[in-house]
Amino acid sequence: MAGEGDSEPRKSFKLLGFLDVQSVPCARESVLYGSLGSLVVGLGHFLATSRVRRSCDFAVGGFICTMLGYWFYCRYNLAQQRIRRRMLKEGMRNKILFEGSSLDPERKQTGNERSDS
């Protein structure tokens, strides 16, 4: 059956010889959105002006702008997720560490406990 016992590693696709699309986060999506942006910009410019060469130039520019724009957007969101994940992990570690102690922020302090510290 497909998917069962596959011992051979999946082949990676390298774009321009150095960008491994499968292992680099956001690479696949940015290339796909870039190609779609290229198609939209190039076709739109061609329909508006009927100039083939200039439309191809606009299509290449649309690809670059769309790909880089989505790349930065995706990497920014990925960095935010990593920061949130790190903060959550640290908060869970502190919750386990301080649970039941006098440093527990959820524990209600009585008057005797406040005067002891």
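Quick caveat, the model's predicted, so the values are computed rather than measured. Heads up: numbering here begins at 1 and tracks the sequence.
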With Ser55 via side chain to side chain contact (heavy atoms under 4.5 Å, CB included) - residues at least two apart: His45, Phe46, Thr49

Contacts of type side chain to side chain contact (heavy atoms under 4.5 Å, CB included), residue Asp57, not counting sequence neighbours: Arg53

Here the pair of heavy atoms bringing Ala59 nearest to Gly42 is CB-CA, 3.8 Å

Looking at every heavy atom in both Pro25 and Arg75, which two are closest together, and how far apart are they? O-NH1, 3.5 Å

Taking atom types as modelled, is there a side-chain donor on Tyr76 or Gln80 under 3.5 Å from an acceptor on the other? yes

CZ of Arg85 to CG of Leu78: how many Å apart, nearest 0.5 Å? 7.5 Å

What distance do Thr66 atom OG1 and Leu39 atom CG have between them, rounded to the nearest 0.5 Å? 11.0 Å

Donor-acceptor contact below 3.5 Å, side chain Ser35 vs main chain Leu32: yes

When hydrophobic residues are tied together by side-chain contacts of less than 4.5 Å, even through go-betweens, does Val31 share a cluster with Ile64? yes

Would Leu43 end up clustered with Val41 when hydrophobic side chains under 4.5 Å apart are linked, directly or stepwise? no

Which residue pairs pass the disulfide (SG to SG under 2.5 Å) test when at least one of the two sits in residues 26-97, sequence neighbours left out? Cys26-Cys74

Picking from Tyr70, Phe72, Tyr73, what satisfies side-chain contact (heavy atoms from CB on, under 4.5 Å) with Ser30? Tyr70

